Novice: 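For reference, the structure I am asking about is given below.
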Amino acid sequence: MEILAPTCPTRFGFNSATILVLAVIKDFILPFSIISLPELYSDHNPVKLTFHLKFTTLHNRVTTHTDWTKFQNYLKNQIDYRPLKINSKTDIEVAVEKFTKNLQDAHRFATKTAKKSTATDIQQNFKDLIKTRNKTKKAWQTLRNPLIETELNRIEKLIKKLDKNSRQEVQTEEIEALNIEDGTLWRKAKDNACFPKAWKSAGVVPILKLGKDPTQPENCRPISLLSTLSKLIENFILEKLNVHLVKNKILCPEQFGIRKSLTTTHQLLRVVAYITNGFEKGECTGAVFLDVQKAFDRVWIQGLIHKLIRSKTPPHLLQLLKSYLEERKFAVKIGNSISEGK
């Protein structure tokens, strides 16, 4: 175990200067630096602890550029836009596999390796708004003026709104591209309560945990990469499910994670308020925190379906969720090698 502290004082009194901010590390093998920042807004200096994490993984990062005009022209020549004759789940699977393959082939045809660029695809007004936000935030941190804080909050809300609208437009455009004259593949899949198998396969990329032995598989964190089309459809399913859950008040009020307009930060504030209230009454507060290992992998599918039934989930949504959860597969990818699907 090692104690880290800056070489300069972190607190300045009238007749003294001391180091009050410390850090404790154990078995940390990477280089680091710790300094006291001379920003005396109070009698305490902020301390900056930097870990120089420079390490490589087994995966090569390649920057590519896609010519979307070529992409569109390729699809125009390859896709038959006549109405699909879909009468069964098998027809859906065939149509989805063919559609997905056409997209992948078009992307490979229109994509080439490009030099790494730091440019971002953010609209100019969005960039300007972020710059204004950063300047306003710095001014508020320096002056602590309530009027500046109000302006900062207004800008933050505007940024979130623009970002949400931009994301929604992109998703809408991509889904609309699935349109067939008499309906979409999504509508066909929903009506037949079928989530296509082609969208259930995940590519797992192992990422080495910090400071761990790369020769041991358990020291890698598996990251599952799903089809973009699959994730788009997941958003639609989630939106429909959330409407049902909120409308019927199924979720308990104390749940803050993975809920719209709520975060775990709100839950933390609630706990702090609860503890503070106990202190004011002279009471002691006890807490138990549980962390379930591999929580998502341990979900009891049949039990989850049973809960959805008891929650009176609409039948078509229930069957679609059941199809989504069953018969999922994955393959591990390391470098250019891919394992068999399981």
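Keep in mind it's a predicted model, so treat the numbers as computed, not measured. Along the sequence shown, the residues carry numbers beginning at 1.
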Novice: Looking only at non-hydrogen atoms, find the nearest pair between Asp91 and Asn87 and report the distance.
Specialist: OD2-N, 2.9 Å
Novice: Counting only N and O atoms by type, is there a donor-acceptor contact under 3.5 Å from the side chain of Ser323 to the main-chain atoms of Gln319?
Specialist: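 Flag not set: sc Ser323 to bb Gln319 has no pair under 3.5 Å.
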Novice: Can you see which heavy atom on Ser311 is nearest to which on His244, and at what distance?
Specialist: O-NE2, 2.9 Å
Novice: Just so I know, are the side chains of Pro196 and Ile92 near enough to count as touching, which here means a heavy-atom distance under 4.5 Å?
Specialist: yes
Novice: Determine, step by step, whether Arg270 and Phe256 satisfy the side-chain contact (heavy atoms from CB on, under 4.5 Å) criterion, reporting the C-alpha distance in whole Å, the side-chain angles of both residues, the deciding distance to 0.1 Å, and the verdict.
Specialist: CA-CA 10 Å; Arg270 172 180 169 272; Phe256 286 74; 3.9 Å; yes
Novice: Locate the shortest heavy-atom distance separating Val332 from Phe330; write the atom from each residue and the value.
Specialist: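 Nearest pair, atom of Val332 first, then Phe330: CG2-CE1, 4.1 Å.
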Novice: Taking the side chain as C-beta and beyond, is there a heavy-atom pair between Leu325 and Leu304 under 4.5 Å?
Specialist: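 SC-SC contact between Leu325 and Leu304 confirmed.
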Novice: What about Val271 and Tyr274, same hydrophobic cluster or not, with Ile/Leu/Val/Met/Phe/Trp/Tyr joined at side-chain heavy-atom distances under 4.5 Å?
Specialist: no
Novice: If you measure from CD on Gln267 to CD on Gln255, what distance do you get to the nearest 0.5 Å?
Specialist: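 If we round to the nearest 0.5 Å, Gln267:CD and Gln255:CD are 9.5 Å apart.
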Novice: Can any side-chain N or O of Arg154 pair as donor or acceptor with the backbone N or O of Thr150 at less than 3.5 Å?
Specialist: no
Novice: Is the backbone of Ala273 close enough, under 3.5 Å, to the side chain of Asn277 for a donor and an acceptor to pair up by distance?
Specialist: no
Novice: Under a 4.0 Å N-O cut-off, is there an ion pair linking Glu234 with Lys231?
Specialist: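 Result for this pair is no, no salt bridge flagged.
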Novice: Which heavy atom of His266 sits nearest a heavy atom of Ser261, and at what distance?
Specialist: CE1-O, 4.0 Å
Novice: With clusters defined by side-chain heavy atoms of hydrophobic residues (ILVMFWY) lying less than 4.5 Å apart, directly or transitively, does Val299 cluster with Leu245?
Specialist: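 The answer is yes; both residues are in one hydrophobic cluster.
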Novice: Same hydrophobic cluster for Leu75 and Trp68, using side-chain heavy-atom links shorter than 4.5 Å among ILVMFWY?
Specialist: yes
Novice: Counting N and O atoms only, with roles assigned by atom type, does the side chain of His65 sit under 3.5 Å from a partner on the main chain of Ala110, one being a donor and the other an acceptor?
Specialist: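 Answer holds: no.
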Novice: Are Leu321 and Leu251 connected in a single hydrophobic cluster, I mean Ile/Leu/Val/Met/Phe/Trp/Tyr linked by side-chain heavy atoms less than 4.5 Å apart?
Specialist: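 Same cluster: Leu251 reaches Leu321 through Ile, Leu, Val, Met, Phe, Trp or Tyr contacts under 4.5 Å.
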Novice: Surrounding NZ of Lys200 (heavy atoms of other residues, nucleotides or ligands, distance under 6.0 Å), is the total greater than 12?
Specialist: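 Yes, because the 6.0 Å sphere around NZ of Lys200 holds more than 12 heavy atoms from other groups.
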Novice: Kindly determine whether Gln302 and Trp300 satisfy side-chain contact (heavy atoms from CB on, under 4.5 Å), including the steps that lead there.
Specialist: CA-CA 6 Å; Gln302 297 303 322; Trp300 181 26; 3.7 Å; yes
Novice: Is a side-chain N or O of Thr136 found less than 3.5 angstrom from the main chain of Leu152, in a donor-acceptor match?
Specialist: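 Absent.
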Novice: Heavy-atom count check: over 12 atoms from other residues, nucleotides or ligands less than 6.0 Å from Arg221 CZ?
Specialist: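 Open.
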Novice: Once you round to the nearest 0.5 Å, how far does NZ of Lys135 lie from NZ of Lys137?
Specialist: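 With rounding to 0.5 Å, NZ (Lys135) is 16.0 Å from NZ (Lys137).
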Novice: Could you give the distance from NZ (Lys98) to CD (Gln78), rounded to the nearest 0.5 Å?
Specialist: 9.5 Å
Novice: Above 12 or not: heavy atoms from other molecules or residues under 6.0 Å from CD of Glu340?
Specialist: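 Counting other residues, nucleotides and ligands, CD of Glu340 stays at 12 neighbours or fewer.
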Novice: Please determine if Glu156 and Lys160 form a salt bridge, counting it only when a charged side-chain N lies under 4.0 Å from a carboxylate O.
Specialist: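 Looking at Glu156 and Lys160, the cut-off is not met.
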Novice: Does a side-chain heavy-atom distance below 4.5 Å link Leu320 with Ile237?
Specialist: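 Side-chain contact under 4.5 Å: yes.
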Novice: So, taking the atom named OG1 in Thr228 and the one named NE2 in His107, what distance separates them when rounded to the nearest 0.5 Å?
Specialist: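 One finds 9.0 Å between OG1 of Thr228 and NE2 of His107.
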Novice: Check Trp199 against Ile233 and note the closest heavy-atom contact, atom names and distance.
Specialist: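 Shortest heavy-atom separation between Trp199 and Ile233 comes out as CZ3-CG1, 3.6 Å.
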Novice: Applying side-chain contact (heavy atoms from CB on, under 4.5 Å), run through Lys138 and Asn134 and close with a yes or a no.
Specialist: CA-CA 6 Å; Lys138 188 174 182 180; Asn134 293 341; over 6 Å; no
Novice: Can Leu241 be reached from Leu318 by stepping across I, L, V, M, F, W or Y side chains whose heavy atoms are under 4.5 Å apart?
Specialist: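 Yes, because Leu318 and Leu241 connect within a single hydrophobic cluster, where side-chain heavy atoms sit under 4.5 Å apart.
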Novice: Is it the case that over 12 heavy atoms from other parts of the model lie below 6.0 angstrom from the CZ atom of Arg144?
Specialist: yes
Novice: Would you indicate whether the side-chain heavy atoms of Leu229 and Phe99 approach each other to under 4.5 Å?
Specialist: yes
Novice: Is there a side-chain contact between Thr100 and Gln104, using heavy atoms and a 4.5 Å cut-off?
Specialist: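 Side-chain contact under 4.5 Å: yes.
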Novice: Less than 4.5 Å apart, any side-chain heavy atom of Lys212 and any of Gln216?
Specialist: no
Novice: Test your reading of the model: is there a side-chain donor-acceptor pair from Thr313 to the backbone of Ile309, 3.5 Å cut-off?
Specialist: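 Between the backbone of Ile309 and the side chain of Thr313 there is no qualifying donor-acceptor contact (under 3.5 Å).
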Novice: Applying side-chain contact (heavy atoms from CB on, under 4.5 Å) to Phe279 and Cys284, what does each step give before you reach the verdict?
Specialist: CA-CA 7 Å; Phe279 281 152; Cys284 295; over 6 Å; no
Novice: How many angstroms lie between atom CG of Leu225 and atom OG of Ser230, to the nearest 0.5 angstrom?
Specialist: 12.0 Å
Novice: Which pair of non-hydrogen atoms, one from Ala331 and one from Ser339, has the smallest distance, and what is that distance?
Specialist: CB-O, 3.5 Å
Novice: Checking Asn248 side chain against Ile250 main chain: does a donor-acceptor pair fall under 3.5 Å?
Specialist: no
Novice: Are Arg328 and Leu226 packed together at the side-chain level, in the sense that at least one heavy-atom pair is separated by less than 4.5 angstrom?
Specialist: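 When only atoms from C-beta onward are counted, Leu226 and Arg328 do touch, with a gap below 4.5 Å.
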Novice: Calculate, to the nearest 0.5 Å, the distance between atoms CH2 and OG1 belonging to Trp140 and Thr142 respectively.
Specialist: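 So the gap between those two atoms works out to 10.5 Å.
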Novice: Measure the shortest side-chain to side-chain distance between Asp105 and Tyr74 over non-hydrogen atoms and say whether it is less than 4.5 angstrom.
Specialist: yes
Novice: Just checking Lys209: does its NZ atom have more than 12 heavy atoms from other residues, nucleotides or ligands closer to it than 6.0 angstrom?
Specialist: yes
